[in-house]
Asker: 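Okay, handing you the structure first.
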There are 2 protein chains.
Amino acid sequence: MYICRVNLTYYCFKVKTVTKNVLKNSLKRIFLYRACLYRLKMMGVEKVFSYTLAEEAGVTPDQVRKDFSEFNIRGNKRGGYVLSDLLEKMEALFYRNKEHNIILMGMGNLGLALSKYSRFVQRNMNVVAAFDIDPYKQKARYDIPVYGMDRLKEIIHRFKVKVAIIAVPEISAQQVCDELVRNGIKGIINFAPVLLKVPEDVVINNINLCDELESVIYYVHNQIRNEGLKNIELLYGDMK
Amino acid sequence: MYICRVNLTYYCFKVKTVTKNVLKNSLKRIFLYRACLYRLKMMGVEKVFSYTLAEEAGVTPDQVRKDFSEFNIRGNKRGGYVLSDLLEKMEALFYRNKEHNIILMGMGNLGLALSKYSRFVQRNMNVVAAFDIDPYKQKARYDIPVYGMDRLKEIIHRFKVKVAIIAVPEISAQQVCDELVRNGIKGIINFAPVLLKVPEDVVINNINLCDELESVIYYVHNQIRNEGLKNIELLYGDMK
DNA sequence: TTTTAGATGTGAATATTATCACATAAATGG
DNA sequence: CCATTTATGTGATAATATTCACATCTAAAA
Ligand SMILES: NC(=O)c1ccc[n+]([C@@H]2O[C@H](COP(=O)([O-])OP(=O)(O)OC[C@H]3O[C@@H](n4cnc5c(N)ncnc54)[C@H](O)[C@@H]3O)[C@@H](O)[C@H]2O)c1
Ligand SMILES: NC(=O)c1ccc[n+]([C@@H]2O[C@H](COP(=O)([O-])OP(=O)(O)OC[C@H]3O[C@@H](n4cnc5c(N)ncnc54)[C@H](O)[C@@H]3O)[C@@H](O)[C@H]2O)c1
């Protein structure tokens with residue numbers, strides 16, 4: 001599967017020999033659909049229709065079908081979709097079949113919590129190591145090994161790590177980020193409330209808790225409702 | 001300031017006696033601009049132009065001006081914008097002048113980290129209390145008081161709490177959420193990887209770490225770049 | 001086996017969002 | 001103090017995303 005940028009908001013990629021233009025929003029919603037499907041699965045549902053899923057996800061049935069169409073996910077012309085089939089197709093889309101090694105930068109309050117988060121493993125994502133400049137933390141015992149920055153290159157290469165989580169103080173974030181990029185990291189989840197500068201081929205996903213909270217407060221204050229939606233906007237999404 | 005919903009994607013609200021239609025995406029970008037402005041401020045910048053900010057935020061200068069226009073934020077016809085003025089206007093927009101009391105549900109790994117996060121306070125958001133069913137945690141000493149669920153109503157009313165953070169296990173999340181809604185909570189940041197069901201007047205902001213990680217992996221794998229963007233899509237944004 | 005009801009899949013139509021382009025205002029310099 | 005330069009602010013226009021509408025297919029009923 002080959003992907004190239006066609007223009008600023010469209011991505012062009014191949015699904016089974018056919019080149020299609022996939023809208024970024026469609027991709028985002030696929031994640032939502034997947035979450036809904038897991039929920040429905042837990043409830044014992046085995047078959048869904050576009051309107052079942054739409055209802056659950058807070059979108060229109062047309063949207064669901066259109067999105068599926070974009071990703072070449074197809075159901076039975078009258079019988080809707082078999083839930084397990086759908087999930088399988090989505091997981092394949094997200095490379096769930098493969099294992100992914102991840103590293104964690106910073107073993108402070110947040111890093112510690114993340115290091116104990118078992119769900120990563122359940123989803124084939126292994127946090128193979130954490131890195132911290134504090135020598136005390138390198139000596140202490142945690143669920144995952146904690147190294148000094150001197151071993152960053154070695155670990156990244158040994159485990160073929162492509163994605164890192166940044167949980168270091170704001171002030172160190174850019175420096176740590178640069179170091180990661182220098183060592184071949186291509187994707188970053190950044191918890192530090194700063195906008196990191198990276199080369200164009202590196203993907204950053206910022207999670208800014210204060211901003212998210214503030215936006216909720218804004219919505220609540222102004223009585224903006226999320227009718228029909230399961231979620232309000234997350235910030236920093238779909239810029240440009 | 002009064003806000004009402006006009007249709008599914010537009011919101012209608014009053015800015016100084018003039019009713020304007022504000023696009024949701026504009027609002028999202030205002031958060032981004034603010035983050036950029038703080039960054040520039042730290043670098044000693046005092047005056048910005050639409051193209052300065054655009055460059056920093058990874059959008060077009062037109063977009064910046066248009067967004068400002070939507071929110072009635074205006075600069076000097078030739079002299080650009082005074083940074084401190086801009087920030088002031090944005091903070092006013094986000095009710096930063098007022099204090100906001102917040103509660104935290106669940107004092108586990110994540111809850112503990114959040115309870116120590118000092119930045120909330122810096123931004124006028126006070127986590128006044130945490131709640132946990134574990135009696136041990138109610139007795140132990142933390143940075144903030146930890147209560148049992150029996151005191152939820154009392155605390156919410158005493159501190160006029162409108163917004164809560166959910167950091168309880170997935171299995172308990174809906175139940176805790178219902179309890180919050182029953183006691184008048186109108187906005188929720190939810191870390192549990194489930195889609196919560198709430199009445200229409202309650203705003204939910206889900207932060208699903210695994211999904212965010214998976215999306216980064218997806219982007220990295222498919223070599224989708226975030227050219228010109230400071231952030232890739234966050235999930236669950238802008239549905240419907 | 002044939003009919004019928006009901007859901008999919010997708011171009012066409014509509015709605016929304018972003019960019020363009022330029023009139024407009026304010027600093028600057030002669 | 002007027003001309004010139006330069007950046008704002010915003011309608012007009014272009015691009016993108018969503019919804020509509022219906023042809024198409026298939027499961028179930030007759
Ligand atoms: N605590 C939270 O709940 C929370 C929530 C959201 C965001 N954040 C953000 O996450 C980041 C970490 O927060 P925290 O509360 O865990 O802070 P912390 O101070 O507890 O932990 C930071 C850790 O990073 C390490 N560190 C510092 N500089 C480093 C460097 N150059 N290289 C490697 N390691 C380094 C420190 O030794 C420390 O262990 C901050 O940017 C914060 O704003 C924290
Ligand atoms: N640990 C992480 O880094 C992390 C990251 C992202 C998301 N999450 C999510 O956040 C949630 C909490 O994660 P965690 O690692 O802190 O789990 P945890 O098990 O360490 O903590 C959960 C806490 O909630 C309390 N609790 C359970 N049921 C409750 C109820 N009905 N009412 C009040 N309190 C209750 C428990 O006593 C416990 O203290 C989970 O849904 C998890 O998926 C965790």
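Order of the sequence lines fixes the chain letters, A, B, ..., with proteins taken first and strands second; residue numbering starts at 1 for each chain.
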Asker: Between K41(A) and E46(A), is there a side-chain N and carboxylate O pair less than 4.0 Å apart?
Answerer: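 No, this pair does not count.
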Asker: Nearest whole angstrom, please: distance from the C1' of dT16(D) to the NZ of K28(A).
Answerer: 14 Å
Asker: Round to the nearest Å and state the distance from E70(A) atom CD to dA17(D) atom C1'.
Answerer: 10 Å
Asker: Measure the distance from CZ on R65(B) to P on dG11(D) and round it to the nearest whole Å.
Answerer: 14 Å
Asker: dT19(D) phosphate, OP1 or OP2: any side-chain N/O from Q63(A) under 4.0 angstrom?
Answerer: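 Answer yes for this pair, as a side-chain N or O of Q63(A) is under 4.0 Å from OP1 or OP2.
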Asker: If I take atom OH in residue Y51(B) and atom P in nucleotide dT19(C), what distance separates them, rounded to the nearest angstrom?
Answerer: 19 Å
Asker: Mind calculating the distance between CG (N72(B)) and C1' (dT10(D)) to the nearest angstrom?
Answerer: 12 Å
Asker: Compare every heavy atom of A173(B) with every heavy atom of I166(B), then report the nearest pair and how far apart it is.
Answerer: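 Smallest heavy-atom distance, with atoms named: CD1-O, 4.2 Å.
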Asker: Let me spell it out: for each of K66(B) and N76(B), pick the nucleotide of DNA chain C with the closest heavy atom. Which residue's pick is nearer the 5' end?
Answerer: K66(B)
Asker: Return the nearest nucleotide to the side chain of D62(B); candidates are dC20(C), dC20(D), dA7(D).
Answerer: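 Minimum distance to the D62(B) side chain belongs to dC20(C).
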Asker: Testing the 3.5 Å rule here: is there a donor-acceptor pair between the side chains of N208(B) and E212(B)?
Answerer: no
Asker: Within the pair S50(B) and dT8(D), is there a side-chain N or O less than 4.0 Å away from OP1 or OP2?
Answerer: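 For S50(B), the contact criterion (side-chain N or O under 4.0 Å from OP1 or OP2 of dT8(D)) is met.
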Asker: Examine the base of dT5(D) for any acceptor or donor lying under 3.5 Å from a partner atom in the side chain of R78(B), and report the outcome as yes or no.
Answerer: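 Indeed there is one.
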Asker: Is R29(A) close enough to dT18(D) that one of its side-chain N or O atoms is under 4.0 Å from OP1 or OP2 there?
Answerer: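 So the side chain of R29(A) is within the cut-off, an N or O lying under 4.0 Å from OP1 or OP2 of dT18(D).
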Asker: Indicate whether OP1 or OP2 belonging to dG9(D) is found under 4.0 Å from a side-chain N or O atom of S69(B).
Answerer: no
Asker: Which part of the nucleic acid, if any, lies within contact of G75(A), taking any heavy atom under 4.0 Å across all strands shown: a base, the sugar-phosphate backbone alone, or nothing?
Answerer: sugar-phosphate
Asker: Provide, to the nearest angstrom, the distance between the CZ atom belonging to F68(A) and the C1' atom belonging to dT18(D).
Answerer: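 In whole Å, dT18(D) C1' and F68(A) CZ are 16 Å from each other.
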Asker: Could you tell me whether the side chains of Y81(B) and N76(B) share a donor-acceptor contact shorter than 3.5 Å?
Answerer: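 Side-chain D/A pair, Y81(B) to N76(B): absent.
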Asker: Are OP1 or OP2 of dT10(D) and a side-chain N or O of R74(B) less than 4.0 angstrom apart?
Answerer: yes
Asker: Between dT16(D) atom C1' and L27(A) atom CG, what is the distance in whole Å?
Answerer: 16 Å
Asker: Take the protein atom CZ of F71(B) and the nucleotide atom C1' of dT8(D), then report the distance between them rounded to whole Å.
Answerer: 19 Å
Asker: Please state whether the base of dT24(D) and the side chain of K77(A) form at least one donor-acceptor pair under 3.5 Å?
Answerer: yes
Asker: Any non-hydrogen side-chain atom of R39(A) less than 4.5 Å from a side-chain atom of E56(A)?
Answerer: yes
